Q: 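Okay, handing you the structure first.
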There are 2 protein chains.
Amino acid sequence: MTIRDVAAAAGVSVGTASKALNDRGTLRAETRQRVRDAADRLGFEANAVARTLKVGRTYTVGMITTDSIGRFSIPLMLGAEDALGAGQMSVLLCDARDDPIREQYYLRTLLTRRVDGIVVTGRRAQARPPLAPDLPVPVVYAFVSSTDPADCSVVPDEAGGAAKAIEHLQAIGRRRIVHVTGPEHHSSAQVRASAAVPALVRPPLFGEWSEAWGRQAGAMLLNEEFDAVFAGSDQIARGVVDTLRSAGRRVPEDVAVIGFDNWDVMVTASQPPLSSVDMDLDGLGRAAANLLLAAINGEPAPGRHVRPCRLVLRESTAIAGAVRLG
Amino acid sequence: MTIRDVAAAAGVSVGTASKALNDRGTLRAETRQRVRDAADRLGFEANAVARTLKVGRTYTVGMITTDSIGRFSIPLMLGAEDALGAGQMSVLLCDARDDPIREQYYLRTLLTRRVDGIVVTGRRAQARPPLAPDLPVPVVYAFVSSTDPADCSVVPDEAGGAAKAIEHLQAIGRRRIVHVTGPEHHSSAQVRASAAVPALVRPPLFGEWSEAWGRQAGAMLLNEEFDAVFAGSDQIARGVVDTLRSAGRRVPEDVAVIGFDNWDVMVTASQPPLSSVDMDLDGLGRAAANLLLAAINGEPAPGRHVRPCRLVLRESTAIAGAVRLG
DNA sequence: ATGAAAGCGCTAACAG
DNA sequence: CTGTTAGCGCTTTCAT
C-alpha cells in the first residue's frame, strides 16, 4: 500500500497523487478529491520514513533523562511532549539512568536516527557537562543545566522561590524562621538555603530529602523558639508538621510551615495541607520544548533561561495571626 | 556526510563501504579497515532513516499511555523501555491523557512512522476497548488490558496479591480482618475486595484512593473489633495507621496493617513502615516488551498474561504476637 | 493541470 | 574480492 497504489486507483500519476494528498501544486478540485477518495478507500497512510528521507527532517526529537525518570522528570517530560506534539513532533524516550555509557549510547542512537533536536532532563538542578561537543542538532537542557554557558538551559529560579517563601512567612507576621532541608552537598539544598539564610533565626538544618528527616529535625527544634519553618521539600515539611503537632504545637497558629515542590500527594495528605513553592515543571518542560522548536527553526536562544517559581498557599500558613514571639 | 563521502575517502564504491561498515559480504580485512578508518575520521554516522526505508523495519515501537503518565505508568514504561532498548528498539512516547481523540491521533502518527509495534499502558487495570481493529502491527497492553480476548495483555494478579495479603495476616494470627479500599466502581478496588471478602469480619469500606479516606475510615472503625487492616492502597493504609495510632492503638501489636502498591515513598514514610503488595510493574513492563518483541519476530502470544504479585513485609505486620481477640 | 523523472542515503543482488 | 545498479516511498522540479 503505497502512494503508487493510490495513484493507480485514482487514475493519476504518483506526482499528482502526492500533490493532491499534501495540498500542494495546482490541481483541479475534482482530481484532488478523486485521489483523496481513493486514499481513504484503500486506507492509505503515507510513509513518514520515505518523506523524511526526501525532505531531510524527521519531526522527531530525542528526550534524554539523565537520572532515571522520577517525580521531577515526569511533569517536565509531559510538558515538553505536549508542546512538541503541538508542533507535530514525536518524542523518542531515552532513560539514561545516570549512566554515562547509556547516555552516550542513546546519543548516538538519536543522531543515527537524525532527530531534529534533543532535550535533556534530569532530577538534579545542578549544572552538568554538555552531552557532547559540537552536536549537529540543537540541544536544550531542562531543569538540569549545562556547564557550558553557551548551551541553552531552562531552569527554575529556586533562589527566587525560596525568597518568596520567606517573604510570605514574614508577610504573615513571622519573624523567627527556621529552615530544614536536604543534604548540604545537594545543589538545590544549597541554593534554597542561601536565599533563606538572611531571614533565619538559626543556621539551616541540612539532612535528607525525607519525611523521616523532617520528623527528626522537628524534634531537634522543639526546645528552640521559632514561629515558622521553611522546609526544603514537601516531604520534609510534612515530617516537621507531624512532629510539631504530636508535641502539641498548632500549625499554623503556633508555627507556620511551608514546603517546596508542591507535590500534590504530599501537600494534600499533610494535616493541615501544606503551602508550598511550585517550580512549574510542566511549564519548564513546555518552555524547553518551545526553545528547542525555535532552535530547530534557526532561532536559537543560547544561555540560561531562568523561570520563576510560584507560591501555592494552603492552610499550613493560612492564619496571619499575631506575631507570637518577640 | 553520507556513505558516499566515506567511500570516496576510502577509495572504494558505496557498496563496498556499506559492506565494510555492516560486516556483510566478503571483503579483504585491509579494505574493511580502511573504510572504517575513513568513517571514523569523518565522524560518519549512518542514516537510520535511509536504512529503514530500505529494509522495511524501523526498530521503533510506540508507547501509548492512555491516562496521563503517572505513578503507575512510570515503572511500566521504564521496564519496557529498558527491555526494548536491549533489543535495539527505540521508543516513541505518546501521552494520550485519557483523551480518545489524542489516542487516535497518536495511533495514526505511529502507523505513519511505521513503528514495528505498540505497547499500550495506563493506570486503570480495567479492560478497555482495543486501540483499533486490524492494526498492521502487533500491540500489547500492559497493566491495562483489552476487552478483545485475542489481544495480548499482561496484567498483575491483583486478586492473587490480595489473597497473599490476607494469608499473611492470617499467618501472623489475625482473625478479625477489615478491608478499606478505593471507589466501589473502580475495577482494582472490586477485584482486590472480592478476593479479600471471605476472610473479612465486616463488609469492605469503599471510598477513595487517598490518605484522607484512610484516616476517615480508621476513625469509623474505632468502635469495632478488629486486629488487622488490609488496605487497598498504601495511601489508604497510611491514613488508617495514622488514625489508629492517634487513637492509641499500637501497630502492629494491636492492629496489623498491610497496604497495596508498595509505593516506596509511602511505605517508608509511614510509621511504622508498611508491609505491602507489590505488583512488580517494572517486571510487567519488561514482560510486555518481550511479548511485543516476540510478536514482532513472528511469534505472537495472544491472550491475557497474568503475573503474580509479591508480598513485601515491613514492620506494620512484623509481630506475630498472640491472637488478641476471639 | 498533469506527468515524467530525478534523487534523498542506504542495502543487496548481481556482475565482473 | 569489489563495483554497478536497482530500488525502498515519497516529493519536487521541469516539461508538456
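Just so it is clear: chains get the letters A, B, ... in the order the sequence lines come, proteins before strands, and each one is counted from 1. All values reported here derive from a predicted model rather than from experimental measurement.
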Q: Has T16(A) got a side-chain N or O lying under 4.0 Å from the OP1 or OP2 atom of dG3(C)?
A: yes
Q: Checking side-chain polar atoms at under 3.5 Å, does R113(A) have a donor or acceptor matched by the opposite partner on S90(B)?
A: yes
Q: Using 4.0 Å as the upper bound for N to carboxylate O, is an ion pair formed by R97(A) and D99(A)?
A: no
Q: With DNA chain D as reference, determine whether R28(B) or K19(A) sits nearer its 5' end, using the nearest nucleotide of each.
A: R28(B)
Q: Looking just at side-chain N and O atoms, do T16(B) and S13(B) make a donor-acceptor pair shorter than 3.5 Å?
A: yes
Q: If you assign G15(B) and V14(A) each to the DNA chain D nucleotide with the nearest heavy atom, which residue ends up on the more 5' nucleotide?
A: G15(B)
Q: Nearest whole Å is fine: how far is dG3(C) C1' from R4(A) CZ?
A: 13 Å
Q: Measure the distance from CE on M1(B) to C1' on dC8(C) and round it to the nearest whole Å.
A: 16 Å
Q: So, is N47(A) close to the dC8(D) phosphate, meaning a side-chain N or O under 4.0 Å from OP1 or OP2?
A: no
Q: Flag this pair as yes if the NZ/CZ of R57(A) is under 6.0 angstrom from the six-membered ring centre of Y59(A) and inside a 45 degree cone about the axis; otherwise no.
A: yes
Q: So, does T52(B) get its side chain near the phosphate of dC10(C), meaning an N or O under 4.0 Å from OP1 or OP2?
A: no
Q: Select base, sugar-phosphate, or nothing to describe what T2(A) touches, counting heavy atoms under 4.0 Å on all strands.
A: sugar-phosphate
Q: Within the structure, does a side-chain N or O atom of T26(A) lie under 4.0 Å from either OP1 or OP2 of dA1(C)?
A: yes
Q: Please tell me if R51(A) has a side-chain N or O lying less than 4.0 Å from either OP1 or OP2 of dT11(D).
A: yes
Q: Applying a 4.0 Å non-hydrogen cut-off, can you work out what V12(B) is touching in the nucleic acid: base, sugar-phosphate, or nothing?
A: sugar-phosphate
Q: Grab the CG-P distance between L53(A) and dA6(C) for me, whole Å please.
A: 17 Å
Q: Both A48(B) and K54(A) contact DNA chain C. Which one's nearest nucleotide lies toward the 5' end?
A: K54(A)
Q: Kindly say if R24(A) contacts the phosphate of dT12(D), meaning a side-chain N or O under 4.0 Å from OP1 or OP2.
A: yes
